[in-house]
Amino acid sequence: MTQSANPFSNFVIVGERTNVTGSAKFRKLIEADDYAGALAVARQQVESGANVLDVNMDAALIDGPAAMRRFLNLIASEPDIARIPLMIDSSKWEVIEAGLKCAQGKSIVNSISLKEGEERFIEQAKRVRRYGAAAVVMAFDEQGQADSAKRKVAICTRAYHVLTDSGFPPEDIIFDPNIFAVGTGIEEHADYALAFFEAARVIRESLPHAHVSGGVSNVSFSFRGNEPVREAMHAVFLYHAIRAGMDMGIVNAGMLEIYDEIEPKLKELVEDVLLNRNPGATEALIDHAEQLKAAGTQSRDKNSGPDLSWRDGTVLERMTHALVRGITDYIEEDTEEARAALGKPLLVIEGPLMDGMKVVGELFGAGKMFLPQVVKSARVMKKAVAYLEPFMLAEKVEGEEDNAPVFVIATVKGDVHDIGKNIVGVVLGCNGYKVVDLGVMVDCDRILAAAAEHKADIIGLSGLITPSLDEMIFNAKEFEKRGVKTPLLIGGATTSRAHTAIKISQHFSQPVVHVIDASLVVGVCNSLLSENLRQPFLAEHVVREQADRDLHAGKGSSAVYIPFEEAKKQKFIVDWATADIATPESIGSHLWDPVPLAEIAEVFDWSPFFHAWELRGVFPKILKHETHGEEASKLFDDAQRVLEDLIKNDRVHARAVWGVWPAASTGEDVALFSDDTRTELLRTFHFLRQQKEKVKPGTPFQSLADFVAPLASGRADYLGAFAVTAGNEVEEYAKSFRDKGDDYTAIIIQALADRFAEGLAELLHRKVRRFMGFGITEDLAVEDLIQERYRGIRPAAGYPACPDHTEKQAVWDLLDVEAKVGMQLTSSYAMFPPSSVSGLYFFNEAARYFNVGKIGRDQLEDYAVRKGMSLELAEKWLAPNLED
């Protein structure tokens, strides 16, 4: 396991100051009935970065259950505190249960153990699980607390198997292998920290999905009263513990030191003690601690507020710190100080601001910063530049030019998605590029005009839907025809390195490079524009392109496609004589407007939200990811604040139109009728059938039409359609932040708008299943909905089971989508507003998602006839699916 120099980059911080046994201040507040003051302590822990709040009310003069109930109920009414989970900490079950009954969301119980034997341990675990909580499990058995690494591992291993064999989820087990004080002067205590490190390593390697935690302040107990030494010990302990596998711990969130920023002598002495590197280590640290105490440096208290010691640095140091940490509070006054010192506003941008952003770029490139942090840095930069702009305009000299390289970027004609494009622009802006963002649905002429006007050094094209690939090819041809000499970057969800090399690059004589995500764009641009790097980069690029072309030419490919007529004979078979066919409450379309936003938020699938920020992982596990868990947690906290604003102030206008009609299949088509007499045809949907040879004999070649009863079966079946949107209002709200230079909040809003659209699609599908009768008895958790553990599917045009985007037009006509909910289709059949979803409802029990894959020309010709479309047009829309 590796770890960056910052020991908190993959660490879940459990704030310890709301614990009456560990904080005299908090205990006195509770004893004095000053719950407002106690809430202030909790708020300080959250503001200082706590990801979880440890609450303990075990004190002689305190009614534990009553205090726990009162405090947690007060927390629940404070959104800025209640947004993080609670660790309910007590040695008494009645106090823990009082807390569990009040806690919102998933909590953590601290703690249970084997000290009273396995029967009592299992009983405690079952109680914890009944409340849906996780559990801290102490390395404590019938013989007492474990102090050696061997005993720690043995007890935790035993506890793990007892719990998992009883059905307790392993991911909800948090082991505390006991952090004991070192530097006590007692010889047998010297290896306590090393024992913890070794135990953490073995537990994480041998007990899958379990976590490791501990009370970090215990390690420095011998040095209480000397805060610099204690802080240093905590930071050094965490640095080594996290590398060993510790992924969460109870600490004072307001008093965390950064490992790299500890005074070198102190850090060396602390490591000597923790790692037991020499016999005189404790004495040396004690002597140094006395020197620090005598110098009066032990009294620094971060609990009084945020640490502003960085404000004592030079203006360059302060501006760099603000940029790296994303702090906007003081940037205008620092920018003014820099302007007064340097004389010209442009020198501030080219000097301290760009120097600070260079640090950001280097940290991002080295993997020590993540995309959300970079976007926050850009917000600071933009605020500083906005402050300087009036000064620059006042002294602007005619003919004066900006020497920054220019990057012109656009989402191509017919496409409306721009989250990824916006992120690329921010990243490049943070690395010294002047970014000209042309927006969405930009045609070739506008791109070329902007490139000429701004003297573009590089042009970037972005797209999400498959028709955008053809538009990119068209752009490349036009660039070549008009003699453009500018390198071209290609990006977006449907693009790929292979498609770029095979389909786009051949039409343009200048470099055409596919960039898979924003983290790589700076390196590619720098290489293309560098005199030293350009030729080696292009030489490697040419080799990669040729390899992709060679593979496409058939080397290593063995795909076989059976004739279309044969595929139809081997269709997916449903016994329509006995199939359970659901009947709707009524026939026709329905409008749901407005939709309660809070209800949609309850069914959010958060994982794609993080993917939009290039933080990979599955929610909620991503919040504890070993490399970017901390940043994911911060992003999630920020998203919660924005989400609250969107819901509370109705920033989103979510609406849906949907309907169900009698239907019957004929081959690969499904006809919809106006009523159950099935005499008036409303619309026909056209589908494709798999043709790629199956590995397993007897496997059917599927079409979506297989899941609707054939007309000849005599069974009355139904098909549904829907279109939902988060509305253009939310896009306009995001734009208001972007116009103010706050790309970070704007991108969060856009990403949440996508979650609203997808969440509404999920919520509506549940409503429709109930409308069809079979969903009435469903009792599904949000995870079950995300995993689609229910009857029926809702495939969308342009996706694997129905790859032709033009099928959306039939949905629009059938539901009168534009008139009902304001959604439009572009020339490439992209949906506008971009945060929108549409599709069809299939209700059969056997209905499933699948990938049509590539098809033969025989089916293409049949499809063109069925749709009444020219063969040339059918080829255009199904190009990605045509057999090579």
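Each residue takes its place number in the sequence, starting with 1. Since the model is a prediction, treat every value here as computed from it, not as a measurement.
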>> Using 30° and 60° as the class boundaries, would you call the ring planes of W606 and F610 parallel, tilted or perpendicular?
In response: tilted
>> In terms of relative ring orientation, are F71 and F26 parallel, tilted or perpendicular, with 30° and 60° separating the classes?
In response: perpendicular
> Ion pair present between R43 and E78, side-chain N to carboxylate O less than 4.0 angstrom?
Replying inline: yes
> Without hydrogens or angle criteria, can the side chains of Y131 and R127 be said to hold a donor-acceptor pair below 3.5 Å?
Replying inline: no
> So, does S633 use its side chain to make a donor-acceptor pair with the main chain of L623 at under 3.5 Å?
Replying inline: yes
>> Would you say that L752 contacts V642 through its side chain, given a criterion of any heavy-atom pair below 4.5 Å between the two side chains?
In response: yes
> Does N56 have any side-chain hydrogen bond (donor to acceptor under 3.5 Å, both in side chains) partners at least two apart in sequence or in another chain, and if so, which?
Replying inline: D89
> Any ion pair linking E644 and R641 (charged N to carboxylate O, less than 4.0 Å)?
Replying inline: no
> Taking everything shown except K106 itself, do over 12 heavy atoms lie less than 6.0 Å from its NZ?
Replying inline: yes
> Can you find a side-chain donor-acceptor pair between S217 and E16 that sits under 3.5 Å?
Replying inline: yes
> Can we say R158 and E118 salt-bridge, meaning some charged N sits less than 4.0 Å from an Asp/Glu carboxylate O?
Replying inline: yes
>> Can you tell whether the side chains of D172 and R129 come within less than 4.0 Å, N to carboxylate O?
In response: no
>> Working note: D58 + S91, criterion side-chain hydrogen bond (donor to acceptor under 3.5 Å, both in side chains); need CA distance, chi angles, decisive distance, verdict.
In response: CA-CA 8 Å; D58 289 357; S91 59; 3.2 Å; yes
>> Between R17 and D54, does any NZ, NE, NH1 or NH2 come within less than 4.0 Å of an OD or OE carboxylate oxygen?
In response: no
> Do the ring planes of Y192 and H189 sit parallel (below 30°), tilted (30 to 60°) or perpendicular (above 60°)?
Replying inline: parallel
>> What verdict does the salt bridge (Lys or Arg N to Asp or Glu O under 4.0 Å) test give for D33 and R70, after you've listed the backbone C-alpha separation in whole Å, the side-chain angles of each residue and the deciding distance to 0.1 Å?
In response: CA-CA 10 Å; D33 207 34; R70 183 177 177 187; 2.4 Å; yes
>> Would you say that L266 contacts V270 through its side chain, given a criterion of any heavy-atom pair below 4.5 Å between the two side chains?
In response: yes
> Quick one: do K152 and D147 make a salt bridge, cutoff under 4.0 Å?
Replying inline: no
> Under 6.0 Å between the ring centres of W613 and F636?
Replying inline: no
>> Test side chain to side chain contact (heavy atoms under 4.5 Å, CB included) on E630 and N51; report intermediate values, then the result.
In response: CA-CA 9 Å; E630 180 186 18; N51 310 117; 5.5 Å; no
> Any side-chain donor paired with an acceptor under 3.5 Å for E271 and H240?
Replying inline: yes
> Under 4.0 Å between a Lys/Arg side-chain N and an Asp/Glu carboxylate O for D247 and K624?
Replying inline: no
> Within a reach of under 6.0 Å around CD of E187, are more than 12 heavy atoms found that belong to other residues, nucleotides or ligands?
Replying inline: no
> Crowded around F221 CZ? As in, over 12 foreign heavy atoms under 6.0 Å?
Replying inline: no
